[in-house]
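Reminder, nothing fancy here: chain letters follow the sequence lines and each chain counts from 1. Below, all heavy atoms of this structure are taken into account, side chains as well, without hydrogens, waters or symmetry copies.
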There are 2 protein chains.
Amino acid sequence: MEKQTITIYDVAREANVSMATVSRVVNGNPNVKPATRKKVLEVIDRLDYRPNAVARGLASKKTTTVGVIIPDVSNMFFASLARGIDDVATMYKYNIILANSDGNDQKEVSVLNTLLAKQVDGIIFMGHRITDEIRGEFSRSKTPVVLAGSIDPDQQVGSVNIDYEAATKDAISLLARHGNEKISFISGALIDPINGKERLEGYKKALSEYNLTYNEGLIFESNYSFKEGTQLVDRLLNSGATAAFVTDDELALGILDGLLDHGVKVPEEFELITSNNSLLTEVSRPKITSLTQPLYDIGAVAMRLLTKLMNKEETEEKTVILPYGLEEKGSTRKQ
Amino acid sequence: MEKQTITIYDVAREANVSMATVSRVVNGNPNVKPATRKKVLEVIDRLDYRPNAVARGLASKKTTTVGVIIPDVSNMFFASLARGIDDVATMYKYNIILANSDGNDQKEVSVLNTLLAKQVDGIIFMGHRITDEIRGEFSRSKTPVVLAGSIDPDQQVGSVNIDYEAATKDAISLLARHGNEKISFISGALIDPINGKERLEGYKKALSEYNLTYNEGLIFESNYSFKEGTQLVDRLLNSGATAAFVTDDELALGILDGLLDHGVKVPEEFELITSNNSLLTEVSRPKITSLTQPLYDIGAVAMRLLTKLMNKEETEEKTVILPYGLEEKGSTRKQ
DNA sequence: TTGAAAGCGCTAACAT
DNA sequence: ATGTTAGCGCTTTCAA
């Protein structure tokens, strides 16, 4: 015996109405006599009828599914965003197709195409950088797109972020106020606008505000991993830096670990600020002072924005800037 | 101007062939003359035609999409599984619809139903416990299901796990060999079979093997959070325990933190073993000895198993047990 | 308030 | 090797 599916047609027959009426009942169309509705509902229940969302999608051209392109779910930063996205999606009756891209330009494009082929109603994109190619795909697709936690220099699509420049400036300013004259800037790839433009700009502004000179030797580009952090410490200390701002918690943790191994006292001899305030910053000794980003909210707001775009609602702003904070913990001195 | 979609029909017309031929080309059917194929491919390229996966799904009754029910993506443990799942899914040309359930019985059922409504070809389920209700839904759905990292007492569906009982027994045995006579067992809800059955059983077996008496006062049920861990420490120390096995890293970290705050020396005065060997166990001081579970692989193998089930391939085994390990680090003594 | 009927874009026999 | 023709299960005018 095969999987004999029950269709809207079966329900219609059993309830002695037309399939149009069943459709109306299923979709909550008010133009149905209560008695009829009741009858149909009973049959639906009895037959255990479940509407086929694929057929529905084909007929209505809406899938109530959105595509989510993410570099790596197993990275806490993105996982937090994803959770916010899914919660709001669920709230608005959408499901998410989650696709990992590893931040790989080519994968991003191919995955975007399969999502579009699946007729998703919208796309949430997280990535380190927006290549021209992917931007091109976005613009010729007619499907609404929102960036979550990703910077797009020219704002063609929606996006939700914090003000990375201002946040970085704040962090650096704190370090400068504490008397540090050589403050290191340690980030991921500088070609990513979020690092090379936003954050670095904030760094420079803070420096000039405190009359400190910009020195390339204090800028480090690294991968986001614990190990890279520990390995970076030699060079960091050689640079003469007495403080560092790091754009990733795991990396910062590695640096802290390396510093301690070198017998450098944190925060007495070296101050450290990281960026994501994840659990990692809480469990290290000392705990690491960090910028705070509302990760969950960035995801949630991005999804909310996307629902508006999908409904062609009027939206005040396609670019949302959420507030950030700076939580002082054990890796910076109290003053 | 509206989103005027290009259909297989447009391509057929432009290429002077029937839509069937276009379909064959698109699906790589060998029964097409090379010249024809080339012509069709050119038109597809020129028109920028992209097959509509929804229509395809309706006609073929396959969506190349699988549903993934996960308690919480922002939990590292599950996120790692999810990454393994997605990678293998991608490898086999599937996409995943990711749905968070919070381990909530009711949400799990409702989410399962919407996934089935969307005609997913298969389901990967992660959860703390398999309720009778969800098991019922599984069995009457005809859609293949595989559990990843979840225990199902009666094995109706596929599943991929490690041998939690043996793993726990190993961990406890190590603690016993080190001379600990009062070894605490700290887990999540004991009604979850993975804790109350598998792991606790392993705990008991190890005890009896070392002639230690089972004492309920050493068993603690807790939530998986850092805070709960720190708060548990008073009771833990009052129990007289000199060692503990913990089923979650974050919880273990909280316990370690609490112990250190109480001036208890780890591992000299108290030994600790945790279960997931996540990054958290590496960044604490001391690093925490842990069981090692191949999280990514559990996800990957679960997805691989699901592909077999979806293809109705003969599968040797519906229940896969993956190897585990025990990595001794700083929270247990060297002997 | 309800029904009839025409698609939605594609696959999959069945012909040729 | 290619074309013809039914559907897949539902939404959505348009009539009644």
Side-chain angles (χ1 to χ4, degrees), chain A residues 2-41 43-44 47-65 93 114 116-121 142, chain B residues 2-41 43-44 47-65 93 114 116-121 142:
Chain A
E2 262 312 292
K3 176 203 269 180
Q4 56 143 131
T5 45
I6 298 155
T7 73
I8 199 173
Y9 192 79
D10 299 317
V11 176
R13 186 171 18 76
E14 288 286 315
N16 282 108
V17 296
S18 73
M19 51 185 296
T21 299
V22 177
S23 176
R24 290 192 185 95
V25 171
V26 169
N27 293 296
N29 185 316
N31 285 1
V32 182
K33 195 164 36 169
T36 314
R37 175 186 308 282
K38 182 150 174 285
K39 186 173 56 178
V40 172
L41 250 17
V43 176
I44 285 180
L47 263 44
D48 194 28
Y49 165 72
R50 189 188 285 128
N52 180 323
V54 173
R56 204 182 239 183
L58 182 58
S60 69
K61 295 176 171 294
K62 283 188 187 161
T63 55
T64 63
T65 302
K93 311 284 185 204
T114 95
L116 292 175
K118 295 212 168 174
Q119 313 299 118
V120 294
D121 297 335
K142 283 271 344 162
Chain B
E2 260 311 291
K3 177 203 265 178
Q4 55 143 127
T5 45
I6 298 153
T7 73
I8 198 172
Y9 192 79
D10 299 317
V11 176
R13 183 168 25 72
E14 288 287 314
N16 283 107
V17 296
S18 73
M19 50 184 295
T21 300
V22 178
S23 175
R24 288 189 186 98
V25 171
V26 169
N27 293 296
N29 185 315
N31 285 1
V32 182
K33 194 162 43 167
T36 315
R37 175 186 309 282
K38 182 151 174 285
K39 185 174 53 179
V40 172
L41 250 17
V43 175
I44 285 180
L47 264 44
D48 194 28
Y49 164 71
R50 190 189 283 129
N52 179 323
V54 174
R56 202 182 241 181
L58 182 58
S60 69
K61 293 174 169 296
K62 283 188 188 159
T63 55
T64 62
T65 302
K93 311 283 184 206
T114 96
L116 292 175
K118 294 213 169 174
Q119 313 299 117
V120 294
D121 297 335
K142 285 272 342 165

>> For Met19(B) versus Ile8(B), what's the shortest heavy-atom pair and its separation?
In response: O-CD1, 3.6 Å
>> Here's a test of your reading of the structure: between Ile6(A) and Asn31(B), which maps to the more 5' nucleotide of DNA chain D?
In response: Asn31(B)
> Which of these, Asn52(A), Thr63(A), Thr64(A), sits in a side-chain hydrogen bond (donor to acceptor under 3.5 Å, both in side chains) with Lys118(B)?
Replying inline: Thr64(A)
>> Show the nearest heavy-atom pair for residues Ala117(B) and Pro51(A), with the distance to one decimal.
In response: CB-O, 3.7 Å
> Which heavy atom in Arg37(B) sits nearest to a heavy atom in Asn29(B), and how many Å separate them?
Replying inline: NH2-O, 3.1 Å
>> Less than 4.0 angstrom between a side-chain N/O of Tyr9(A) and OP1 or OP2 of dT11(D), yes or no?
In response: no
> Whole-Å distance between dG7(D) C1' and Leu58(A) CG?
Replying inline: 12 Å
> Between which nucleotides of DNA chain C, 5' to 3', does chain A make heavy-atom contacts below 4.0 Å?
Replying inline: dT1(C) to dG9(C)
Between the protein and nucleotides 3-5 of chain D, which nitrogen or oxygen pairs come in under 3.5 angstrom?
residue : atom : partner  : partner atom : Å
dG3(D)  : OP2  : Ser18(B) : N            : 2.7
dG3(D)  : OP2  : Ser18(B) : OG           : 3.2
dG3(D)  : OP2  : Thr21(B) : OG1          : 2.7
dG3(D)  : N7   : Arg24(B) : NH1          : 3.3
dG3(D)  : N7   : Arg24(B) : NH2          : 3.4
dG3(D)  : O6   : Arg24(B) : NH2          : 2.5

> dC10(D) P sits how many Å from Lys62(A) NZ, rounded?
Replying inline: 18 Å
>> Looking only at the side chain of Lys61(B) (C-beta and beyond, no hydrogens), which of the listed nucleotides dT11(D), dC10(D), dG9(D) gets closest?
In response: dG9(D)
> Given the rule in the side chain to side chain contact (heavy atoms under 4.5 Å, CB included) test, do Arg56(B) and Asn27(B) qualify, once you have shown the distances and angles that lead to the verdict?
Replying inline: CA-CA 11 Å; Arg56(B) 202 182 241 181; Asn27(B) 293 296; 3.4 Å; yes
> Would you say a side-chain N or O of Asn27(A) is under 4.0 Å from OP1 or OP2 of dT11(D)?
Replying inline: yes
> What is the minimum heavy-atom distance between Val26(B) and Tyr49(B), and which atoms define it?
Replying inline: CG2-CE2, 4.1 Å
> Distance from Thr21(A) atom OG1 to Lys33(A) atom NZ, nearest 0.5 Å?
Replying inline: 10.5 Å
>> Pair Val54(B), Leu58(B) - check side chain to side chain contact (heavy atoms under 4.5 Å, CB included), show working.
In response: CA-CA 6 Å; Val54(B) 174; Leu58(B) 182 58; 5.8 Å; no
> At under 4.0 Å between heavy atoms, what does Thr7(A) touch on the DNA or RNA strands: base, sugar-phosphate, or nothing?
Replying inline: sugar-phosphate
> If only atom types and distance count, is the side chain of Lys61(B) paired as donor or acceptor with the main-chain N or O of Gln119(B) below 3.5 Å?
Replying inline: no
> Where do Glu14(B) and Val43(B) come nearest, in terms of heavy atoms and distance?
Replying inline: CB-CG1, 3.5 Å
> To the nearest 0.5 Å, what is the distance between OG1 (Thr7(A)) and CG (Asp10(A))?
Replying inline: 4.0 Å
> For the pair made of CG in Asn29(A) and P in dT11(D), what is the distance, rounded to whole Å?
Replying inline: 11 Å
> When Watson-Crick pairs (N1 to N3 and N6-O4 or O6-N4) and G-U wobble pairs (N1-O2 and O6-N3) count only below 3.5 Å on both distances, what is the dot-bracket string of DNA chain C, with | for other-strand pairs?
Replying inline: ||||||||||||||||
